[in-house]
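Heads up: numbering here begins at 1 and tracks the sequence.
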Amino acid sequence: LQSAMDQLHLHFTSAIHSRTYETVYRYASNTSVDQKIQYEDLCRFVPPELYIECLSNVLTTLWGIMTSYQKMLSYHYSNNSCDEKLSQFDKNYVQQKLQLG
């Protein structure tokens, strides 16, 4: 169970990194398709006139990921049938991981 929760959080973390990178990459100028640079450096290539539009799209992307996380969290709390099979330690671990991320 613990490894499953860790894998779930890795999945959400990976989604955040890859989706935000892809979003900023679309706005960055002077970058080629073959070039893979750090996120911080990529942000420097976004033209100032596109900052607001880029930020808006990054936030929209993050909102979608967090909405998925919230749906998963709500499902976990509403699905009590699985809780009966878990030890108290596992229940606490799952709740702590879901709440703290």
Next on the checklist: One pair to check against side-chain contact (heavy atoms from CB on, under 4.5 Å): Q7 and L10. What are the steps and the verdict?
Outcome noted: CA-CA 5 Å; Q7 286 293 325; L10 283 174; 4.2 Å; yes

Checklist entry - Would L8 and M72 satisfy side-chain contact (heavy atoms from CB on, under 4.5 Å), going step by step from the backbone distance to the final call? => result CA-CA 10 Å; L8 180 66; M72 188 263 319; 3.5 Å; yes

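Here the closest non-hydrogen pair linking T20 and V58 is CG2-CG1, 4.0 Å. Taking both residues in full, the closest heavy atoms of Y21 and I37 are given as OH-O, 2.8 Å, listed atom of the first, atom of the second, then distance.
Residues passing the side chain to side chain donor-acceptor pair (under 3.5 Å) test with Q38: none are found, sequence neighbours excluded. Residues passing the salt bridge (charged side-chain N to carboxylate O under 4.0 Å, His left out) test with R44 are E40, D41, sequence neighbours excluded.
Atom OH in Y69 sits 3.0 Å away from atom NE2 in H9 (nearest 0.5 Å). The distance from the CD1 atom of I65 to the NE2 atom of H17 is 10.0 Å, given to the nearest 0.5 Å.
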Check: residues 47-57 side-chain donor-acceptor pairs under 3.5 Å, at least two apart:
unit_1: E53; atom_1: OE2; unit_2: Y27; atom_2: OH; d: 3.2
unit_1: N57; atom_1: ND2; unit_2: Y27; atom_2: OH; d: 2.2
unit_1: N57; atom_1: ND2; unit_2: E53; atom_2: O; d: 3.2

